[in-house]
Amino acid sequence: MPRRHLRVTGDPESPLGVALRALRTELGVPAGFPPDVLAEAERAARAPTVASYDSYDGYDETDIPFFTIAPPGSTDLDQALHLSRRTDGHGGHGGYRVRYAVADIAAFVAPGSALDAETHRRVTTLYFPDGTVPLHPPRLSEDAAGLLPERTRPALLWTVDLDADGRVRATDVHRALVRSRARLSHEDVRKQIDTGTAGEPVALLAEIGRLRERLEVERGGVSLTVPEQEIVERDREYALTYRAPLPTEGWHAQISLLTGMAAAGLMLAHGTGVLRTLPAAPRGDVGRLRRTATALHVDWPHHVSYARLVRSLDPHEPRHAAFLLECTTLLRGAGYTVFRNGALPDITTHSAVAAPYAHCTAPLRRLADRYTAEICLAAAAGGEIPDWVLAALDALPGEMAEGTRRADAVERACVDIVEAALLRDRVGDVFDGYVVDLAERRPTVGTVQLETPSIVGRVEGGGEELPLGERLRVRLTRADLTPTDPEAAKVLFAPA
């Protein structure tokens with residue numbers, strides 16, 4: 001599910017660039033990989049540990065013209081896809097076939113190895129506005145294991161057959177050798193579809209994506225079209241802009257969701273697995289989001305559901321874009337739920353997906369996906385789950401929770417630094433805002449959402465209780481990219 005996307009352009013030696021680099025040290029982010037891990041990665045890149053390219057335990061599917069869709073410059077390519085039509089046996093429209101190849105990182109990471117231990121220490125790739133801290137050494141994630149164009153690679157090949165309405169009719173997954181033919185950006189795909197120059201495998205992304213979006217609405221799910229925030233630096237001054245996602249990004253996300261839902265279905269039928277679950281959002285969190293909507297002048301009538309509101313918003317509109325970013329807070333209660341031997345958990349669904357769902361499509365960037373892959377392979381083949389997978393299951397939710405906590409801390413800290421950079425020359429200025437939250441048992445401390453710029457910051461009322469849910473003029477008292485006290489708020493307001 002989506003996170004905030006922050007990107008910084010400009011001089012890396014600017015105060016913001018320096019502060020972002022210092023943040024890595026402040027948060028204890030790994031600076032590099034240990035020598036023994038790099039050595040293992042190099043050996044695995046030359047000779048994958050599960051099977052060699054010459055004797056891969058699966059199928060040779062290199063004749064299928066897969067393609068990848070990713071932002072320009074992306075090198076950790078987890079997924080490649082191929083879309084086609086099916087016939088009904090009489091030459092008529094029988095639906096669609098979705099082939100989704102996912103990088104087989106287990107072919108390179110030996111259980112119990114130093115490389116394996118390092119991935120359990122890192123858990124996820126961490127995203128900073130100026131770069132990433134990867135889960136796996138780049139020799140694997142950006143080279144030998146990635147689904148790069150014109151390279152034969154081991155993969156888990158998902159095949160999901162859909163009917164003419166986009167509903168799932170059959171699912172299969174097995175190991176296979178694949179070969180991507182093209183690395184496309186979302187802009188490339190948009191242009192091909194808009195101009196009518198796309199071949200069928202690319203053109204069908206729009207057709208299938210729209211059908212899956214319609215089914216998402218039908219089941220009560222909601223996908224956030226989270227805009228990318230870009231911080232532009234000119235002459236040591238900063239400006240905030242938003243980049244609205246292209247429709248192709250939503251359609252591509254639907255293919256990933258489809259695969260995650262198929263994986264959950266396989267594991268539930270098999271009786272053992274790892275689900276990504278999310279209970280309904282607490283009433284307090286929804287109330288905070290309603291107050292944010294008021295602060296940003298986003299009309300949210302009480303009879304309109306959250307899902308319906310989100311679908312009505314235009315991410316090209318800055319106020320809507322800012323609100324969609326705040327909507328990601330409702331996803332922070334998500335967790336990983338393990339079940340075994342047919343004893344299903346109390347919660348099997350992800351409330352935003354409105355269906356059972358599992359993480360399985362980003363193994364180069366997320367630890368859990370390596371384990372769900374092996375369980376799904378066993379479930380599809382009616383075989384036994386590997387012992388190394390079963391041995392790791394009980395600890396996996398805790399590891400993923402810690403990794404998610406670290407990723408959340410990075411995201412919050414990056415947002416704080418970026419907001420401090422945007423406001424650093426405006427200390428003493430007064431802004432119109434809205435108190436959207438209060439600290440627990442401390443009504444004199446809270447969170448204020450500014451109207452312009454669309455920034456969220458800490459507000460301290462001194463000895464006075466802050467008016468929750470009401471408009472408040474606030475004065476900026478601090479905008480410090482690198483405060484002396486790491487625990488101090490980088491941006492701070494007080495009632496004006």
Side-chain angles (χ1 to χ4, degrees), residues 1-7 20 23-34 37 41 70-71 74-79 102-106 108-109 111 113-142 145-146 156 224 226 228 253 256-257 259-260 263 274-278 328-329 331-338 350 352 357-375 389 392-393 395-415:
M1 302 303 288
R3 286 186 172 274
R4 299 175 72 124
H5 304 288
L6 278 167
R7 188 161 67 94
L20 287 171
L23 180 62
R24 289 165 165 78
T25 302
E26 180 183 321
L27 296 177
V29 172
F33 289 89
V37 172
S74 295
T75 50
D76 52 349
L77 301 177
D78 290 290
Q79 319 104 5
V102 177
D104 187 6
I105 191 63
F108 301 89
V109 181
S113 65
L115 176 56
D116 184 28
E118 183 69 11
T119 62
H120 279 265
R121 184 169 76 92
R122 293 182 177 234
V123 183
T124 68
T125 292
L126 298 176
Y127 293 90
F128 289 80
D130 57 346
T132 63
V133 178
L135 171 61
H136 299 94
R139 179 68 170 94
L140 296 180
S141 60
E142 299 181 9
L156 275 74
L224 288 176
V226 179
E228 180 182 74
S256 181
L257 281 171
T259 309
V274 184
L275 301 176
R276 182 64 165 162
T277 55
L278 177 66
T328 60
T329 59
L331 303 175
R332 289 180 182 162
Y336 292 84
T337 301
V338 167
H350 190 292
Y357 171 68
H359 275 165
C360 67
T361 62
L364 300 183
R365 294 167 285 163
R366 200 166 47 208
L367 175 65
D369 298 44
R370 172 155 47 109
Y371 292 89
T372 55
E374 298 300 322
I375 298 171
V389 174
L393 284 187
L396 193 60
E399 291 176 306
M400 293 305 301
E402 175 59 23
T404 301
R405 184 205 62 75
R406 188 183 306 122
D408 288 343
V410 167
E411 181 180 298
R412 288 194 300 270
C414 289
V415 170

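- Applying the salt bridge (Lys or Arg N to Asp or Glu O under 4.0 Å) rule to D130 yields the partners R24; only residues at least two apart in sequence or on another chain are considered.
- In this structure, L126 and A407 approach most closely via the heavy-atom pair CD2-CA, 3.8 Å.
- Checked against side chain to side chain contact (heavy atoms under 4.5 Å, CB included), A368 has the following partners two or more places apart in sequence or in another chain: Y336, L396, M400.
- Here the closest heavy-atom approach between residue V133 and residue P30 is recorded as CG1-O, 3.7 Å.
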Test salt bridge (charged side-chain N to carboxylate O under 4.0 Å, His left out) applied to E402 and R121, step by step: CA-CA 10 Å; E402 175 59 23; R121 184 169 76 92; over 6 Å; no
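- Inter-residue side-chain proximity for V274 and L393 is flagged as met; some heavy-atom pair is nearer than 4.5 Å.
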Verdict with reasoning, R370 to T119, per side chain to side chain contact (heavy atoms under 4.5 Å, CB included): CA-CA 11 Å; R370 172 155 47 109; T119 62; 3.0 Å; yes
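- The minimum heavy-atom distance linking L77 with A103 is given by the pair O-CB, 4.4 Å.
- Listed by chain and residue number, nothing satisfies the salt bridge (Lys or Arg N to Asp or Glu O under 4.0 Å) test with R412 (two or more places apart in sequence, or in another chain).
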Test log, rule side chain to side chain contact (heavy atoms under 4.5 Å, CB included), inputs D104 and F108: CA-CA 8 Å; D104 187 6; F108 301 89; 5.8 Å; no
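- Between L156 and P363, every side-chain heavy-atom pair lies at or beyond the 4.5 Å cut-off.
- For the atom pair CG of L135 and OG of S141, the computed distance is 8.0 Å after rounding to the nearest 0.5 Å.
- Between the side chains of T361 and S256, at least one donor N or O lies within less than 3.5 Å of an accepting N or O.
- Look at R276 and D369 and you find no salt bridge, because none of the NZ, NE, NH1 or NH2 atoms lies under 4.0 Å from a carboxylate O.
- Ion pair R405/D408 not flagged as a salt bridge, since none of the NZ, NE, NH1 or NH2 atoms sits closer than 4.0 Å to an Asp/Glu carboxylate oxygen.
- Residues Y357 and L275 have side chains not in contact (no heavy-atom distance under 4.5 Å, counting atoms from C-beta outward).
- Looking only at side-chain heavy atoms (C-beta outward), L140 and L115 come within less than 4.5 Å of each other.
- In this structure the side chain of L367 never reaches within 4.5 angstrom of the side chain of T124, judged on heavy atoms.
- Annotation: side chain of C360 is not in contact with side chain of V102 (no heavy-atom distance under 4.5 Å).
- Here the closest heavy-atom approach between residue A114 and residue V37 is recorded as O-CG2, 3.6 Å.
- A donor-acceptor pair under 3.5 Å is absent between the side-chain atoms of T132 and the main chain of Y127, judged by distance alone.
- Applying the salt bridge (Lys or Arg N to Asp or Glu O under 4.0 Å) criterion to E399, with sequence neighbours excluded, gives no partner residue.
- For the pair P129/L20, a side-chain contact is recorded, criterion being any heavy-atom separation below 4.5 Å from C-beta on.
- Both the sub-6.0 Å distance and the 45° axial angle are satisfied by R122 relative to the ring of F33.
- Taking the side chain as every heavy atom from C-beta outward, H136 and T125 never approach each other to under 4.5 Å.
- Partners of E142 under the side chain to side chain contact (heavy atoms under 4.5 Å, CB included) rule, at least two apart in sequence or in another chain, are T75, P138.
- Looking at every heavy atom in both residues, L278 comes nearest to G333 through CD1-C, 3.4 Å.
- Under the side chain to side chain donor-acceptor pair (under 3.5 Å) criterion, R406 pairs with no residue, sequence neighbours left out.
- S74 and A70 make their closest contact through CB-CB, 3.8 Å (heavy atoms, listed as atom of the first residue, atom of the second, distance).
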